[in-house]
Each structure stands twice: as structure tokens, then as C-alpha cells.
2 protein chains.
Amino acid sequence: MLELDETPLRMTSQRKVIIDELRGLRTHPTADELFLRVRKKRPRISLSTVYRNLEQLAGCGLIQKLDLCGSQRRYDGDTAAHHHVRCLRCGRVDDIPSEAMGDLRKGVCKTCDYEIIGYRLEYLGFCPRCRKQVRRGKPVKPKPRKKG
Amino acid sequence: MLELDETPLRMTSQRKVIIDELRGLRTHPTADELFLRVRKKRPRISLSTVYRNLEQLAGCGLIQKLDLCGSQRRYDGDTAAHHHVRCLRCGRVDDIPSEAMGDLRKGVCKTCDYEIIGYRLEYLGFCPRCRKQVRRGKPVKPKPRKKG
DNA sequence: TTCAGGAATAGGAATCATTCTTAAAAAGGC
DNA sequence: GCCTTTTTAAGAATGATTCCTATTCCTGAA
């Protein structure tokens, strides 16, 4: 993993506060939740600065962008691979520690104290058409086409 | 599963066309993809009618609202539980037939012809705080609070 | 059949998360 | 300090979805 002093990014004070705040949290905040916290330390920061930095930091692997459901994207200061639980009522997201995986079938995760209702499994890959495109070097994730 | 003639919904012509179109598709369209198709048969239908009906039809179990990642929600005419693959390049979503599950570790799904890169697993449930609220009958999924 | 009341619709405005734009400020190297 | 490049604040723009409202459509009781 890239360390803070090895990035190609300039370590501005805003950037530093965003990383510190995110890494200090056990939760997995959305950009605007983080914005509210960061603003306490740096009142003139703007929401787009938070968004831009989260993307960039995720881009060089200093933090993790979570690919979960819900209407808002969430970010994680812990870049190790691990699973998550999402609360169906309030949307909060927590880690599932690997030692808790055994609990899951019982419907309650003792370690994280969630009542487990189910899970969602989604495979990711390239469809027949895009496999060819990717092989030819055509870029991944072009802008989704506009509706005609 | 509820059949078409058992719903509490009036079976309007718009509703009928939406269900028929969705059930006739092997893909898992977004609301606007479906809108474009439905519009060919019923040119005066509006996008909000499509959205509203998809929600209602999913609400009574006639169709399935897919809880996948990506910037647009997708809907499935097949209400049986099954897994999905999402193309990382174009966003297309296909079914993973249960007989294809054995293929997945090999990185290619023969039956669906996807190149499989990975998967996303997300557990769902109620967090400690919400467990109590749910037990007291407080509603699930209140409007997410506005940012202050 | 007719008609009143509820349900559904078209069309567009509003909302919300996210991305983009631009001019000004800050970093780093020299 | 000076120059070049990166980053920032602020707000506009975008895209998906939801909401609003006046109108139209059903349905069932009279």
C-alpha cells in the first residue's frame, strides 16, 4: 500500500484532514458526512474538495471507495479487503470482522451486534461484447450513454 | 407469488405494457431503458409513470427491484431469487443461472459468457440502535436525514 | 346507464448526490 | 522571491429519481 509520503499528490492541509478524519472513524461515511466533520477543523473547505480528494485518495489506494448499495457512496479508511453489513433502517455501514463470519448463519452477528437479515451477492466482470472491446484496448467505463 | 389479477392495483393499459415489456426481457433494464421501449407501444406515457409503476409492481411482488450497484436502479421481471453479473464496462446486468455457479471460480462463466473478475458481498440487517427501534414498531427506512 | 369518488396519468418542477467549471490561492522547485 | 503546476472554494451543471398538480380514467352504487 502506498504511504502518505509516497503519493504523487501534494499533501495539502485539506487532504491531510480528510485522510485523518476518515482513518479515525470506524464507520464508513458518505462524502457529506465527512464534509460536516472536516468542516469543524477547516471551516472554509468545500464539499467538492471533499469529493475530489476522496476520489483521488481512493485512486492511489490510500483509502477505499466502497461499492455498496444505497443512494450515497461510502468511503473506508481501511484498505484491507473485508466484508460489510448495511443497516436496512438507517443505512449505517459497519465492518464484519473475519472472526465474526461464523455467526452469520445464526442471524445475529455477535461481534458487530447486527441482526442479520440476508446478504447480496453480485458478480462483476465483462460481458461478451465488452470482453472484445477490452482486449482491443478500448477504455473501461465510458460515460454511460445518454438516453435518446 | 401474486398473479396479475390478484393485485390491489388497477390493471391500466400502461401498467400492463410495462409488466409485459419487462417480463419479455432477459436483461434487467433501468427505468429509462424501459421507458424508451414502452414508449413505442404507448407514445404518450411519461417517465414518471414508468417509475411509479415499477415501484408499485415491485411493492406487490409482481416484479423485482434489483438492489445492485451502479448509478441507476434496475428491475427484473423474474421474481425468483437468483444471482447477477454486472459488466464493469457497460453496466449491463445478466442472470447467473444456478447451473453456471460451478464455472465461476475459473474466471469465466460459460453459460452466460462473462469473464468474471470478482464479486461483491454485502450483508444486510439491523444495527444495534435500529434493532430496538424496529422492535418498538418504529418504521423502517425513514427518510434519510438532510445534511445540516 | 349515470355519476361520484378514488386511483392513475402526463408533464414538468423539485430534490439530491455527484461532477464540472473557473478564477484565485497554495505548493514545490529553482 | 519567482515561476509553473496543482489544488482550492464556490457555485453551476448534470443525471437519476421523486414529487406535485391538474386532468383523465375506473369502478361500483344508485
Side-chain angles (χ1 to χ4, degrees), chain A residues 4-19 28-36 38-60 62 65-75 91 93 141-148, chain B residues 4-19 28-36 38-60 62 65-75 91 93 141-148:
Chain A
L4 256 62
D5 54 2
E6 297 174 291
T7 63
L9 302 173
R10 288 185 181 169
M11 199 43 60
T12 62
S13 70
Q14 291 91 334
R15 200 112 72 196
K16 193 75 179 49
V17 174
I18 290 170
I19 294 194
H28 306 74
T30 59
D32 70 284
E33 282 166 4
L34 206 51
F35 169 63
L36 291 180
V38 165
R39 203 162 53 168
K40 288 178 189 156
K41 297 189 183 159
R42 200 137 286 271
R44 295 190 44 79
I45 201 170
S46 78
L47 178 57
S48 22
T49 296
V50 174
Y51 268 109
R52 182 169 19 77
N53 278 301
L54 287 171
E55 288 305 300
Q56 291 184 151
L57 292 169
C60 36
L62 287 170
K65 171 154 77 164
L66 297 184
D67 198 18
L68 303 172
C69 296
S71 60
Q72 286 180 82
R73 187 174 304 147
R74 289 176 179 275
Y75 298 85
V93 171
K141 279 249 181 184
K143 283 260 162 182
R145 61 187 173 295
K146 303 282 276 292
K147 52 194 156 188
Chain B
L4 256 62
D5 55 2
E6 299 174 289
T7 63
L9 302 173
R10 288 184 183 166
M11 199 42 61
T12 62
S13 70
Q14 290 92 335
R15 200 113 72 196
K16 192 77 179 47
V17 174
I18 289 170
I19 294 194
H28 305 75
T30 59
D32 70 282
E33 281 167 5
L34 207 48
F35 170 63
L36 290 179
V38 165
R39 200 162 56 168
K40 287 178 188 154
K41 298 190 183 157
R42 200 139 288 272
R44 295 190 44 79
I45 201 169
S46 76
L47 179 57
S48 20
T49 297
V50 174
Y51 268 108
R52 183 168 17 78
N53 278 302
L54 287 170
E55 288 303 300
Q56 291 183 149
L57 293 169
C60 35
L62 286 170
K65 172 155 75 165
L66 297 184
D67 197 19
L68 303 171
C69 296
S71 60
Q72 283 180 85
R73 188 174 302 148
R74 289 176 178 275
Y75 298 85
V93 171
K141 278 249 181 185
K143 283 261 163 180
R145 61 185 174 298
K146 302 286 273 296
K147 52 194 156 185

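Chain letters run A, B, ... following the sequence lines, proteins first and then strands; every chain starts at 1.
For the pair A/Arg52 CZ and D/dT8 C1', the interatomic distance rounds to 6 Å; values are reported in whole Å. Distance CD (B/Gln72) to C1' (D/dT14): 13 Å, rounded to an integer number of Å. Here the P atom of nucleotide D/dC26 and the CZ atom of B/Arg15 are 11 Å apart, to the nearest Å. In this structure, the CZ atom of A/Arg10 is 12 Å from the C1' atom of D/dT8, given to the nearest Å. A straight line from CZ of A/Arg73 to P of C/dT19 spans 5 Å, rounded to a whole angstrom. Atom CD1 in A/Ile18 sits about 7 Å away from atom P in D/dT8, given to the nearest Å. Remark: P of C/dT18 and CG of A/Leu47 are 9 Å apart, rounded to the nearest angstrom. The interatomic distance linking A/Arg44 (CZ) with D/dA10 (P) rounds to 4 Å, in whole Å.
Counting only N and O atoms by type, the side chains of B/Tyr51 and B/Gln56 include no donor and acceptor under 3.5 Å apart. Checked by atom type, the side-chain pair A/Tyr75/A/Glu55 shows a donor-acceptor distance below 3.5 Å. No side-chain donor from either of B/Arg73 and B/Thr30 sits under 3.5 Å from a side-chain acceptor of the other.
In this structure, B/Tyr51 reaches the D/dT17 phosphate: one of its side-chain N or O atoms is under 4.0 Å from OP1 or OP2. Neither OP1 nor OP2 of D/dT6 sits under 4.0 Å from any side-chain N or O of A/Gln56. An OP1 or OP2 oxygen of C/dA10 is reached within less than 4.0 angstrom by a side-chain nitrogen or oxygen of B/Gln14.
Using a 4.0 Å heavy-atom cutoff across all strands shown, B/Ser48 reaches at least one base atom of the nucleic acid. Across all strands shown, A/Thr49 has heavy atoms under 4.0 Å from base atoms, whether or not it also approaches the sugar-phosphate.
If you run side-chain hydrogen bond (donor to acceptor under 3.5 Å, both in side chains) between B/Asn53 and each of B/Gln14, B/Lys16, B/Arg15, only B/Arg15 comes through.
Heavy atoms only, all atoms of each residue included: B/Arg74 and B/His28 are closest at NH1-O, 2.8 Å.
Considering only side-chain atoms of A/Ser46, the nucleotide from D/dA9, C/dA10, C/dT18 that sits closest is D/dA9.
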